[in-house]
*Asks:* 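This structure is in structure tokens; I'll ask about it shortly.
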Amino acid sequence: MNGQFRNHPVPQQIPSAWSNFDLESNAPGGYPGGSWLQTPPHLWTKYHVWEWLQHTLDANQLDANCIRFHDFDITGEQLCSMSFEIFNHVTGPLGPLLFSSLESLKWSNKFLQPMGQPLMVEQRDCQGKEHQSHKANGKKHSPRGTHLWEFIRDILLDSEKNPGLIKWEDRSEGVFRFLKSEAVAQLWGKKKNNSSMTYEKLSRAMRYYYKREILERVDGRRLVYKFGKNACGWRDCDR
DNA sequence: ACTAGGTTTCCTGATT
DNA sequence: CAATCAGGAAACCTAG
């Protein structure tokens with residue numbers, strides 16, 4: 001009973017509009033929302049800021065509860081203008097970590113190069129720590145990046161390309177409904193290179209999110225889910 | 001080699 | 001009846 005029987009063909013019913021989207025998403029960090037790494041921090045949108053924050057917490061194995069995401073409803077420009085003191089004030093014990101992460105990105109040679117500027121810049125952040133220098137090449141870890149709930153969120157947010165796969169039931173409350181459950185499951189499976197993904201299995205993974213409060217239970221309504229307090233980046237104003 | 005988190009797979013039973 | 005929902009258990013996979 002293990003994954004030996006995985007790669008058998010499955011009827012392809014993925015709407016064509018999504019084929020491209022999905023191919024893109026197989027590129028490292030290339031899902032439709034992973035672009036903060038390719039963008040200098042001061043040009044980040046609010047959404048980029050969310051992504052950076054989430055990625056940094058993730059990379060340091062910190063729970064999203066550690067932070068009040070609401071305090072980061074700001075653009076990259078605003079973020080970059082925050083002083084170390086402000087960071088500490090807003091994020092408490094995580095201030096130093098976040099500040100130094102941002103500082104590293106600001107000074108990443110990836111963003112310093114384009115205009116023929118210094119190649120190697122010594123990394124010293126405002127606290128005298130001596131970080132980075134290793135993976136300044138955006139490669140970082142976990143190119144697999146997207147978790148299921150983010151994948152779902154991104155489909156919802158990309159309404160122009162979303163050919164009726166999932167639909168908002170209550171946009172402001174974060175309630176949504178699967179319209180084509182099996183098609184979404186196949187898309188997810190395609191992303192994970194698993195052609196035997198089904199809605200039955202996908203939904204089990206969704207139910208695990210209740211405990212982590214990434215999703216809230218919506219009972220009585222089939223195929224309906226609701227984003228919980230630990231899901232971020234889905235609100236209109238986050239974009 | 002080992003570990004933890006995040007699924008994936010399977011299953012039984014309840015609901016719609 | 002078929003499709004979903006609920007979770008427990010255990011296998012899997014991958015970054016660290």
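What's counted below: heavy atoms across the whole structure, side chains too, no hydrogens, waters or symmetry copies. Letters go in sequence order (proteins before strands), and every chain restarts at 1.
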*Asks:* Given side-chain contact (heavy atoms from CB on, under 4.5 Å), test A:Leu102 with A:Leu98 step by step and report yes or no.
*Replies:* CA-CA 6 Å; A:Leu102 180 63; A:Leu98 290 169; over 6 Å; no
*Asks:* Measure CG/A:Leu215 against C1'/B:dG6 and give the value in whole Å, please.
*Replies:*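 Result: 14 Å.
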*Asks:* What's the NZ-P distance between A:Lys211 and B:dG6, to the nearest Å?
*Replies:*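 About 14 Å, once rounded to whole Å.
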*Asks:* Measure the distance from NZ on A:Lys191 to P on C:dC13 and round it to the nearest whole Å.
*Replies:*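 Answer to the nearest Å: 19 Å.
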*Asks:* So do A:Ser172 and A:Asp170 actually touch side chain to side chain, heavy atoms under 4.5 Å?
*Replies:*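 Result yes, sub-4.5 Å side-chain heavy-atom pair found.
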*Asks:* Phosphate oxygens OP1/OP2 of B:dT7: is one of them under 4.0 Å from a side-chain N or O of A:Asn194?
*Replies:*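 No, A:Asn194 has no side-chain N/O under 4.0 Å of OP1/OP2 on B:dT7.
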*Asks:* Given atom OH of A:Tyr208 and atom C1' of C:dG7, what is their separation to the nearest angstrom?
*Replies:*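 Nearest whole value for this atom pair: 7 Å.
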*Asks:* Give me, pair by pair, the N or O atoms of the protein and of nucleotides 4-6 of chain C that are less than 3.5 Å apart, along with how far apart they are.
*Replies:*
residue : atom : partner  : partner atom : Å
C:dT4   : OP1  : A:Ser181 : OG           : 3.4
C:dT4   : O4'  : A:Arg222 : NH2          : 3.2
C:dC5   : OP1  : A:Leu223 : N            : 2.4
C:dC5   : OP2  : A:Tyr199 : OH           : 2.7
C:dA6   : N7   : A:Arg207 : NH2          : 3.1

*Asks:* Report, as yes or no, whether the 6.0 Å neighbourhood of atom NZ on A:Lys167 holds more than 12 heavy atoms from other residues, nucleotides or ligands.
*Replies:*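 No, NZ of A:Lys167 has 12 or fewer neighbouring heavy atoms, counting only those of other groups under 6.0 Å.
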*Asks:* Among all residues two or more places apart in sequence or in another chain, which pass the salt bridge (Lys or Arg N to Asp or Glu O under 4.0 Å) test with A:Arg221?
*Replies:*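 Salt bridge (Lys or Arg N to Asp or Glu O under 4.0 Å) check on A:Arg221 returns A:Glu169.
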*Asks:* Any side-chain N or O of A:Tyr209 less than 4.0 Å from the OP1 or OP2 oxygen of B:dT7?
*Replies:*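 True: A:Tyr209 side-chain N/O within range (under 4.0 Å) of B:dT7 OP1/OP2.
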*Asks:* Please give, in whole Å, the distance from B:dC11 P to A:Lys201 NZ?
*Replies:*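 Rounding to the nearest Å, NZ of A:Lys201 and P of B:dC11 are 11 Å apart.
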*Asks:* Is A:Tyr199 close to A:Val184 at the side-chain level, that is, under 4.5 Å between some pair of heavy atoms?
*Replies:*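 No, every pair of side-chain atoms sits at 4.5 Å or beyond.
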*Asks:* For A:Glu150 and B:dT7, what is the distance between atoms CD and P respectively, to the nearest whole Å?
*Replies:*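 So the CD-P distance, A:Glu150 to B:dT7, works out to 8 Å.
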*Asks:* Within this structure, what is the CD-to-P distance between A:Gln186 and B:dT8, rounded to whole angstrom?
*Replies:*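 Atom-to-atom, A:Gln186 to B:dT8, this comes out as 14 Å.
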*Asks:* In this structure, how many angstroms lie between the C1' atom of B:dT8 and the CH2 atom of A:Trp188, rounded?
*Replies:*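 Between C1' of B:dT8 and CH2 of A:Trp188: 11 Å.
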*Asks:* Just by distance, with hydrogens left out, do A:Thr75 and A:Gln78 show a side-chain donor and acceptor under 3.5 Å apart?
*Replies:*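 The criterion, which ignores hydrogens and geometry beyond distance, is satisfied for A:Gln78 and A:Thr75.
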